There are 2 protein chains.
Amino acid sequence: MPERQSSRKDAIRNREAVLAAADTLFSRRESPEDVTMADVAAAAGVGKGTLFRAFGDRAGLLRALYEARLEPIRQAVETGPPPLGPATPPHDRVPALLDAVLCFKLDNRRLALALEEDGSSSPYRAEHYERWHSLLRAVLEQIPGLTDSDFTAHALLAATRADLVEHLAGEERMTREGMRAQLANFVTRVLASGPPQGLTAEE
Amino acid sequence: MPERQSSRKDAIRNREAVLAAADTLFSRRESPEDVTMADVAAAAGVGKGTLFRAFGDRAGLLRALYEARLEPIRQAVETGPPPLGPATPPHDRVPALLDAVLCFKLDNRRLALALEEDGSSSPYRAEHYERWHSLLRAVLEQIPGLTDSDFTAHALLAATRADLVEHLAGEERMTREGMRAQLANFVTRVLASGPPQGLTAEE
DNA sequence: CAACGATACGGACCGCCGGTCCGTTTTGCA
DNA sequence: TGCAAAACGGACCGGCGGTCCGTATCGTTG
């Protein structure tokens, strides 16, 4: 697993070049799978060997790109202000988190698609998914009257799957705001039904 | 698109043989993608040419298998008795439909996985998905106080995605009944919250 | 600054897989 | 039985992810 950073400046420069090239390629080309590793190498002005040494394999490159793009949001979630940050009350944080995920996928459609539909290993094993899931689960657990937090977290995240987002945005011509609104609505509905009888207490 | 049936008996026999071979191969092998077309052809005692002539391409074979397995459920949904059939009141039919989908995916894990994660074209374009979606949407539409039927149908179906099911059953060791119960719970929660303010009218 | 070991480079090369092609065989009709 | 149409099957192809190894570059040490 050659994922260790190198100190040599040519290595570092090449790594950057590859990342940049891959980024533009993925956002330009229609489908992620007609961006080949050779394409990326060529676009970065680099040999294939270099590319694979730097990132291990295709999934490694995708992961690196994804994590880089995800970093700001990760910050906002872990140490930022409400409504994403940890100080937010659960009822408000859950929709905010899911909205953030949705927006991220809208802004990085091709990339998310590439990462999720790469058959080599289930998206559910990716540790960025693990992060979202366990966070969401933890927050859900703080909402009184809500059971099955684990499954619920999965189910809610499933509503933001990259290919679904792609389908809604592309095929069904749904607008960004339309989607955000409907997802918000959906989340609300899931959270709304309180204990036994519908209570929806105003806070 | 060579999908048209042939009347020649060798063609028919071979088609059956391929279907059967593929079926057992997919249920035996760990991951769908280490069942190659050559494997299937060999197991069926048939040349690759025959296989591709009969089903067009890999996706075609998967689709044929899937549709065959789906047929009984399709019957039950279209013309069967409650709780799946058309006579069922919407509130009861929605959970029943989703439970049926879930059970189907549990019973055909590898196959569903193969079909959904085949990158060549989004699962949302498959017409069996279209069928489930439009049916579910239609039923949801009959539930008073429920908006966004289209999106809601997508979101509910997303909770039964094959790779999620696989993950829950495999990685998280969730039992069949556990999953069914949690999905039922989730569906209930989505349907429960009435119009704007929690109403949950008893029928 | 010279020299050298360590490290990275890059593109020819490999194995595999989905899909095609075409000479050969089977089928069923007259 | 003869014959055209249809199906057979496996050699073949193109392209992809990934590897290998001779070569070029780096940076460190005297």
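Because the structure is predicted, anything quoted here is derived from the model rather than measured. Computation of the quantities below employed the complete heavy-atom set of this structure, encompassing side-chain atoms and omitting hydrogens, waters and symmetry-equivalent molecules. Labels below follow one simple rule: chain letters A, B, ... track the order of the sequence lines, proteins then strands, and each chain is numbered from 1.
- Counting to the nearest Å, the C1' atom of C:dG28 and the CD1 atom of B:I12 are 13 Å from each other.
- The phosphate of C:dC9 (OP1 or OP2) has a side-chain N or O of A:N14 nearer than 4.0 angstrom.
- With respect to A:E116 and B:R161, no salt bridge is recorded, no charged nitrogen being found less than 4.0 Å from a carboxylate O.
- Straight-line distance from the CG atom of A:L51 to the P atom of C:dA8: 15 Å, rounded to whole Å.
- Of the charged side-chain nitrogens involved, none lies within less than 4.0 Å of a carboxylate oxygen, so that B:R131 and B:E78 do not count as a salt-bridged pair.
- The distance from the CG atom of A:L106 to the CG atom of A:L168 is 9.5 Å, given to the nearest 0.5 Å.
- Close to C:dA8, at under 4.0 Å from its OP1 or OP2, lies a side-chain N or O of A:S6.
- In 5' to 3' order, the nucleotides of DNA chain D bounding all contacts with chain B (an atom under 4.0 Å from a heavy atom) are D:dA5 to D:dG10.
- Side-chain contact of B:E172 with A:H154: a donor-acceptor pair under 3.5 Å is present, judged by distance alone.
- For the residue pair A:T152 and B:R189, a side-chain donor N or O sits within less than 3.5 Å of a side-chain acceptor on the partner.
- A salt bridge does not link B:R125 with A:D163: none of the charged nitrogens is closer than 4.0 Å to a carboxylate oxygen.
- Ionic pairing of A:D23 and A:R69 is present here: one or more N-O contacts between side-chain nitrogen and carboxylate oxygen are shorter than 4.0 angstrom.
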Are A:Y124 and B:E171 close enough, and set up right, to give a side-chain contact (heavy atoms from CB on, under 4.5 Å), and what steps lead you there? CA-CA 9 Å; A:Y124 291 96; B:E171 220 71 12; over 6 Å; no

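- DNA chain D is contacted by both B:G47 and A:R8; B:G47 maps to the nucleotide lying nearer its 5′ end (nearest heavy atom per residue).
- Residues A:A11 and B:K9 both approach DNA chain C. Their nearest nucleotides, taken by heavy-atom distance, put A:A11 toward the 5′ side.
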Protein heavy-atom contacts under 4.0 Å, written 5' to 3' over nucleotides 14-19 of chain C as B (base), S (sugar-phosphate only) or - (none), form the string ---SBB

